[in-house]
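In this text the structure is predicted, and so the values were computed from the model without any measurement.
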Amino acid sequence: MKLHSTRGASPLVSFREAVARGLAPDGGLYMPTKLPALPADFWSELRGKSVPEIASSLLNELIGDEFTSEFLDELSQTAFNFDAPVVALDDRTGVLELFHGPTLAFKDFGARFMARVMPECKTSTNGRPLTILTATSGDTGAAVAQGFHQIEGIRAFILYPKGKVSPLQERQFATLGDNITAVEVDGTFDDCQRMVKEVFAREDLNTNYNLTSANSINIARLLPQMIYYVSSWAKLTWEKPFRKVTFVVPSGNFGNLTAGMMVAQMGLPNVQFIASTNANDVVPKYLEGNKFTPRASVATISNAMDVGNPSNFDRMVALYGGNEVALRGALKGDRVTDKRTREVIREVFAAHAYVADPHTATGIEVWNRFRDYERYRNTYGVVLATAHPAKFIEVMEEEIPGKTTIPHRLEALRNRQVVSIPVASKSDALIEML
Ligand SMILES: *Cc1c(COP(=O)(O)O)cnc(C)c1O
């Protein structure tokens with residue numbers, strides 16, 4: 001795979017180099033220059049296959065020129081060793097549960113893949129460990145911390161906005177110790193993301209500390225996120241071969257959705273996409289015909305989507321060759337208020353006895369608004385359930401008390417001590433810590 005920068009001012013690189021670098025030297029994001037176009041029978045042959053089998057076929061097509069198929073098979077077996085079932089709500093709606101991994105959120109797919117490819121892509125030249133820097137609004141930090149915990153030769157710094165992640169999320173990344181350091185930033189998620197970007201922009205620090213990113217800006221996050229679009233499609237079209245699928249994706253930084261649109265461009269048949277957001281709706285605004293206008297994020301109950309300047313926006317535009325009319329034609333989106341999200345949690349439980357977390361609830365709501373429009377009427381809606389409801393237990397208990405089961409994995413975190421280093425929202429503070 002060859003990749004270019006979305007800003008167009010950096011040399012082409014291999015997948016390995018793109019993973020090692022994170023951000024391109026011109027400050028842009030890496031995108032494959034050309035995605036493989038796969039024929040109809042490639043996709044139909046995936047029907048009935050398991051998630052690791054599908055992962056392995058897809059990864060071989062994408063990066064088989066840089067890794068052996070033995071490595072990719074082995075990686076697929078170990079990284080994606082948990083289920084991603086589609087649970088039916090009604091005759092036209094399924095929920096794709098992406099929260100059966102170790103941190104109970106879809107980011108486990110990206111983090112578990114990355115923890116396994118990173119040591120292959122980047123080697124330290126000065127004997128110092130690789131340093132992972134990642135900004136999180138909650139779930140990324142948990143997935144990265146768990147994914148990289150105790151991996152030799154790597155240390156990770158997790159930056160998160162003070163008071164803006166749930167206590168449970170914080171415990172998932174700030175109680176591990178060892179090679180994982182939690183950094184509590186006196187600011188917003190956007191501040192955390194800016195600090196990381198500023199540090200990465202310093203070539204000297206990159207070299208000295210073998211810096212590398214695990215954010216959704218790293219291309220290694222996107223490839224594994226293609227897998228479950230294909231596995232759910234394969235399952236649903238196994239039942240009904242000509243079924244058309246509309247994926248509804250609760251979005252913040254838009255990495256999840258970008259991965260879906262990438263796999264669609266590779267030829268996955270009969271799929272469409274809708275984005276749901278909370279009040280942080282710069283992308284829905286754009287899709288409605290307005291200029292793309294990033295702004296400061298606002299706090300909501302679906303806090304993993306509190307992003308005011310979604311970093312993957314440039315990638316989505318790049319996927320359509322800069323043709324914004326085409327992008328607006330292909331993708332629709334809508335926002336959901338916290339008040340409505342809470343109502344949806346209650347309604348979905350009353351109607352289907354299904355417990356949807358606040359992020360997933362925005363997707364269900366947007367699907368219900370759009371499902372009877374002409375272009376979706378003959379499609380089956382697959383709402384991506386991005387997190388387990390137990391991760392947002394405070395909200396769940398307010399709306400449907402006593403209905404959320406707490407997985408054992410979360411229960412065990414309750415008594416663990418949070419250890420984090422407080423810093424101001426300036427990159428200097430971060431540099432000093434390195
Ligand atoms: C990260 C996250 C999202 C948003 O995903 P993006 O790829 O940033 O758009 C949605 N829901 C949950 C639970 C998340 O953790």
**Residues that Phe242 engages under ring pair (Phe, Tyr, Trp, His ring centres under 6.0 Å), provided they are two or more places apart** =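 By the ring pair (Phe, Tyr, Trp, His ring centres under 6.0 Å) rule, Phe242 matches no residue at all.
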**Message:** List the residues meeting ring pair (Phe, Tyr, Trp, His ring centres under 6.0 Å) with Tyr228, not counting sequence neighbours, and say none if there are none.
**Reply:**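 Expected list: Phe109.
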With [X] via salt bridge (Lys or Arg N to Asp or Glu O under 4.0 Å) - residues at least two apart:
{"X": "Arg243", "answer": "Glu239"}
{"X": "Asp191", "answer": "Arg194"}
{"X": "Asp91", "answer": "none"}

**Distance, nearest 0.5 Å, that separates CD1 of Ile364 from CD of Glu347** =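 Taking CD1 in Ile364 and CD in Glu347, the distance rounds to 10.5 Å.
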**Asked** Rounded to the nearest 0.5 Å, how far apart are CG of Leu159 and OG of Ser420?
**Response**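 Atom-to-atom, Leu159:CG and Ser420:OG are 11.0 Å apart.
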**Asked** Using 30° and 60° as the class limits, which term best fits the ring planes of Tyr373 and Tyr376: parallel, tilted or perpendicular?
**Response**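 If you compare the ring of Tyr373 with that of Tyr376, the planes turn out tilted.
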**Message:** Using a 3.5 Å distance criterion without hydrogens, assess whether the side chain of Gln265 forms a donor-acceptor pair with backbone atoms of Met262.
**Reply:**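 Side chain of Gln265 to backbone of Met262, a donor-acceptor pair under 3.5 Å: no, none is there.
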Do the side-chain N and O atoms of [X] and [Y] include a donor-acceptor pair separated by under 3.5 angstrom?
{"X": "Ser297", "Y": "Asn280", "answer": "no"}
{"X": "Thr93", "Y": "Trp367", "answer": "yes"}
{"X": "Thr258", "Y": "Asn312", "answer": "no"}

**Residue pairs passing the ring pair (Phe, Tyr, Trp, His ring centres under 6.0 Å) test where at least one lies in residues 14-56, sequence neighbours excluded** =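 Qualifying pairs, neighbours excluded: none.
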**Message:** With ring pair (Phe, Tyr, Trp, His ring centres under 6.0 Å) as the rule and sequence neighbours excluded, what pairs involving residues 332-360 come up?
**Reply:**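 Residue pairs passing ring pair (Phe, Tyr, Trp, His ring centres under 6.0 Å), neighbours aside: His359-Phe392.
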Does anything in [range] form a salt bridge (Lys or Arg N to Asp or Glu O under 4.0 Å)? List the pairs, not counting sequence neighbours.
{"range": "residues 350-374", "value": "Asp90-Arg371, Arg92-Asp372, Asp334-Arg369, Arg340-Glu365, Glu365-Arg369, Glu374-Arg377"}
{"range": "residues 101-121", "value": "none"}
{"range": "residues 278-295", "value": "Asp281-Lys285, Asp281-Arg295, Asp281-Arg335, Glu288-Arg335"}
{"range": "residues 30-51", "value": "none"}

**Item:** Proximity of Phe313 and Phe254 rings by center, below 6.0 Å
**Value:**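 No, the ring of Phe313 stays outside the 6.0 Å limit from the ring of Phe254, centre to centre.
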**Qualifying side-chain hydrogen bond (donor to acceptor under 3.5 Å, both in side chains) pairs, either residue in residues 59-76, two or more places apart** =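 Every pair satisfying side-chain hydrogen bond (donor to acceptor under 3.5 Å, both in side chains) with a residue in residues 59-76: Ser56-Asp73.
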**Item:** Carboxylate-amine/guanidinium proximity below 4.0 Å for Glu399 and Arg342
**Value:**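 Arg342 and Glu399: salt-bridged.
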